[in-house]
Amino acid sequence: MSTSRSTVKELLNSSKQQPQIRVCGWVRSVRRGKDIAFIALNDGSCQGSLQIVVAASLLEAPALTALGTGACIAVQGNLVPSPAAEQSWELQADQLELLGGVDAAYPLQKKRHSFEYLRSIAHLRPRANTFGAVFRMRSALAFAVHQFFQERGFLYVHTPIITTNDCEGAGEMFRVTTLNPATPPMIDGRIDWAQDFFGNRAGLTVSGQLQGELFAMAFADIYTFGPTFRAENSNTSRHASEFWMIEPEMAFADLERNCEVAEAFFRYLVTYALEHCRDDLAFFNERIAPGLIDRLEQLVGGQFHRVSYSEAIRLLEQSGRAFEFPVAWGQDLQSEHERYLTEEVFAGPIFVTDYPQQIKAFYMRRNDDNKTVAAMDLLVPRVGEIIGGSQREERLEVLEQRMIAHGIEPASLDWYLDIRRWGSCPHAGFGLGFERLLMYLTGMENIRDVIPFPRTPGHARF
RNA sequence: UCCCUCUUAGCUCAGUUGGCAGAGCAUCUGACUGUUAAUCAGAUUGUCGCUGGUUCGACCCCAGCAGAGGGAGCCA
């Protein structure tokens, strides 16, 4: 048998007959007739499967008894036009080799499984149609993220995974230590972190933003794209303990510029998906989220609305709606409020800007009203908050005041303050949750189903 | 962490106002000259989540525990 391999995608898109083609993949279904059998073969290269046509007698070999749904095979034969309506090409096989057989215990069947069940077999679920589509789109969109920023001259910076900042204000950190948990060194009745590996309390990053700002003060436009860790005990369909985040940071940019870039970025990613992931989107549109493609096309052609936090509060107060949580200026917007705004009032993506300073992080730039900060959240229907960002406080004295007001010791972030001390400038940035983007693009409703091997409280198997 | 719901065959799910445990799919056997998650006929498949309680009798009612899902908070 030949050693070169054609992919199913190449063959399904072939423009001509091809003799003696070799193709390898996993069996989706076997349909046996008296004289002839059909095998649907998928190799992950695309949504579709290649129809293998094989003489029934060829399958009767003893070595092929374990050929069923899930088996891995290599096939050689001629690619010819298919006489049937469902596909234009099929492979007339003359050699078939079983690389890895299956037995009756194979958990994936040629039928629909629940996502909950598939999560319990996360090592096998990439072979399911839905997850093939999810992870092909995840790969494509990761590439699109880099392409957007590289086309615009942004520098890709790898910010650290391990950090000793204990005050980023973005959530609980996972502790990183080499101390023996049974007998840690003690000082004054508390653990002596000075004796730990890094000479300080260390943890996994909850955001690359602070280091991103440092690089923006040298390269002007930068972005990060990497894993992020939150040790929050969050049990929702849109939170994970380990997720991927994209965080651009731009010198010489204000909140307005920040929103412009965020909007262009989001539009670019949706457009990229529509142009490059057509087959997988068609699958989601048909099987997972009817109307998905229409919604994505409307978003690309439609408007991103802007509304200040204060205006949002007014809209909510005037809505006449009985919300579970009361609406009051100074209180953070609840999920039900955000959903009402993005799904009903504007029926599309909206930026909510200029939040009260007491409900936002210390590094967000204080507005001239001395009450609000130059923050922005991008809310989208069905997913909610997908981007959060702000113009950063570039004034040293104001930043120190805000840190103290937030209970953060300025000396603990002296390096962060230094860039305000020397050569400071206005700058802004935001964070996009990559998985939330994928949820929006695919219509998948649980973040655990757009991450290859999800980590959530109590779950780090696989 | 809080609130609600769920847990029955390998998978998806019915079910009994407390009285012999059910279907479809999968699997196996057979039929079928080109199928499309093929179709048709037959067969196999159970710790009814776990522990205890009530009862002549519990899959069903009660309590505790475990796991899962949805919602909330935190946020991306």
Side-chain angles (χ1 to χ4, degrees), chain A residues 27-42 48-56 65 68-70 80 82-87 90 92 102-121 128-129 168-172 206-209 225 227-247 262 287 323-325 332-339 359-361 377-380 383-389 430-440 445-451 456-459:
Chain A
V27 172
R28 285 293 167 79
S29 76
V30 183
R31 296 181 291 275
R32 295 170 197 257
K34 186 179 181 187
D35 300 320
I36 194 169
F38 302 92
I39 299 170
L41 192 71
N42 186 279
S49 293
L50 178 67
Q51 170 151 288
I52 311 294
V53 185
V54 59
T65 53
T69 298
V80 300
S82 177
E86 304 271 328
Q87 62 273 322
E90 65 184 24
Q92 291 279 353
V102 291
D103 59 24
Y106 183 66
L108 278 173
Q109 296 165 12
K110 51 181 176 185
K111 59 171 265 188
R112 190 180 179 86
H113 291 284
S114 69
F115 293 140
E116 292 84 356
Y117 173 66
L118 291 168
R119 270 173 229 152
S120 73
I121 52 168
N129 283 333
E168 289 171 0
E172 286 297 308
V206 295
S207 165
Q209 180 201 316
F225 183 12
T228 307
F229 307 89
R230 304 270 168 94
E232 301 287 345
N233 191 9
S234 292
N235 292 288
T236 81
S237 56
R238 57 188 196 287
H239 290 87
S241 309
E242 177 182 303
F243 63 99
W244 284 60
M245 187 157 62
I246 298 127
E247 295 179 286
R287 304 283 283 272
F323 292 108
E324 186 185 346
F325 292 90
D332 210 352
L333 297 179
Q334 303 289 319
S335 284
E336 58 173 342
H337 305 147
E338 295 181 346
R339 271 203 308 276
I359 60 174
K360 286 294 184 181
D377 286 349
L378 176 62
L379 312 179
V380 296
V383 175
E385 182 178 344
I386 199 163
I387 283 176
F430 61 86
L432 169 76
F434 189 50
E435 285 78 13
R436 290 188 181 175
L437 169 75
L438 290 169
M439 290 169 72
Y440 184 78
E445 292 184 336
N446 195 310
I447 195 169
R448 285 167 275 217
D449 296 329
V450 296
I451 304 181
T456 52
H459 299 275

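Labels below follow one simple rule: chain letters A, B, ... track the order of the sequence lines, proteins then strands, and each chain is numbered from 1.
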Just call it for [X]: base, sugar-phosphate, or nothing, with non-hydrogen atoms closer than 4.0 Å on any strand.
X: F243(A); answer: base
X: I387(A); answer: sugar-phosphate
X: E242(A); answer: nothing
X: I36(A); answer: base
X: G33(A); answer: base
X: R119(A); answer: sugar-phosphate
X: S234(A); answer: base
X: Q334(A); answer: sugar-phosphate
X: F325(A); answer: sugar-phosphate
X: S114(A); answer: sugar-phosphate
X: A40(A); answer: nothing
X: E90(A); answer: base

Rounded distance in Å between the [atom1] positions of [N] and [M]:
N: rG46(B); M: rG15(B); atom1: C1'; answer: 15 Å
N: rC11(B); M: rU45(B); atom1: C1'; answer: 13 Å
N: rG69(B); M: rG30(B); atom1: P; answer: 42 Å
N: rC48(B); M: rC59(B); atom1: P; answer: 7 Å
N: rU47(B); M: rA21(B); atom1: P; answer: 14 Å

[X] [atom1] to [N] [atom2], straight-line distance once rounded to whole Å:
X: F323(A); N: rG73(B); atom1: CZ; atom2: P; answer: 13 Å
X: E116(A); N: rU12(B); atom1: CD; atom2: P; answer: 9 Å
X: E338(A); N: rA72(B); atom1: CD; atom2: P; answer: 10 Å
X: R112(A); N: rA26(B); atom1: CZ; atom2: C1'; answer: 17 Å
X: R448(A); N: rA68(B); atom1: CZ; atom2: P; answer: 9 Å
X: K34(A); N: rU39(B); atom1: NZ; atom2: C1'; answer: 16 Å
X: R32(A); N: rC32(B); atom1: CZ; atom2: P; answer: 16 Å
X: E435(A); N: rA76(B); atom1: CD; atom2: P; answer: 13 Å

Between [options], spot the one nearest the side chain of [X], thanks.
X: N446(A); options: rG34(B), rG69(B), rA38(B); answer: rG69(B)
X: Y117(A); options: rU12(B), rA38(B), rC74(B); answer: rU12(B)
X: E86(A); options: rG34(B), rU36(B), rU1(B); answer: rU36(B)
X: S237(A); options: rA72(B), rG70(B), rA76(B); answer: rG70(B)

Tell whether [X] reaches the base of [N] with its side chain through a donor-acceptor pair below 3.5 angstrom.
X: H113(A); N: rC11(B); value: no
X: E324(A); N: rG73(B); value: no
X: D103(A); N: rU27(B); value: no
X: R238(A); N: rA76(B); value: no

Problem set entry | Closest non-hydrogen atom pair, S207(A) against M245(A) | CA-CE, 4.2 Å
Has [X] got a side-chain N or O lying under 4.0 Å from the OP1 or OP2 atom of [N]?
X: T236(A); N: rG70(B); value: no
X: H459(A); N: rG67(B); value: no
X: R339(A); N: rA72(B); value: yes

Problem set entry | Centroid separation H337(A) to F325(A) less than 6.0 Å | no
Problem set entry | Contacts of Q87(A) that satisfy side-chain contact (heavy atoms from CB on, under 4.5 Å) - sequence neighbours left out | Q51(A), S82(A), A84(A), E90(A)
Within the sub-3.5 Å range, which N or O atoms of nucleotides 23-25 of chain B have a protein N or O partner, and how far apart are they?
from: rG24(B); atom 1: N2; to: K111(A); atom 2: NZ; distance (Å): 3.3

For this session: Identify all stems in which RNA chain B takes part, counting only runs of at least 3 consecutive pairs (Watson-Crick or G-U wobble, each distance under 3.5 Å), and give each as one range with another, ordered by first number.
Result: B:1-7 with B:66-72, B:10-13 with B:22-25, B:27-31 with B:39-43, B:49-53 with B:61-65
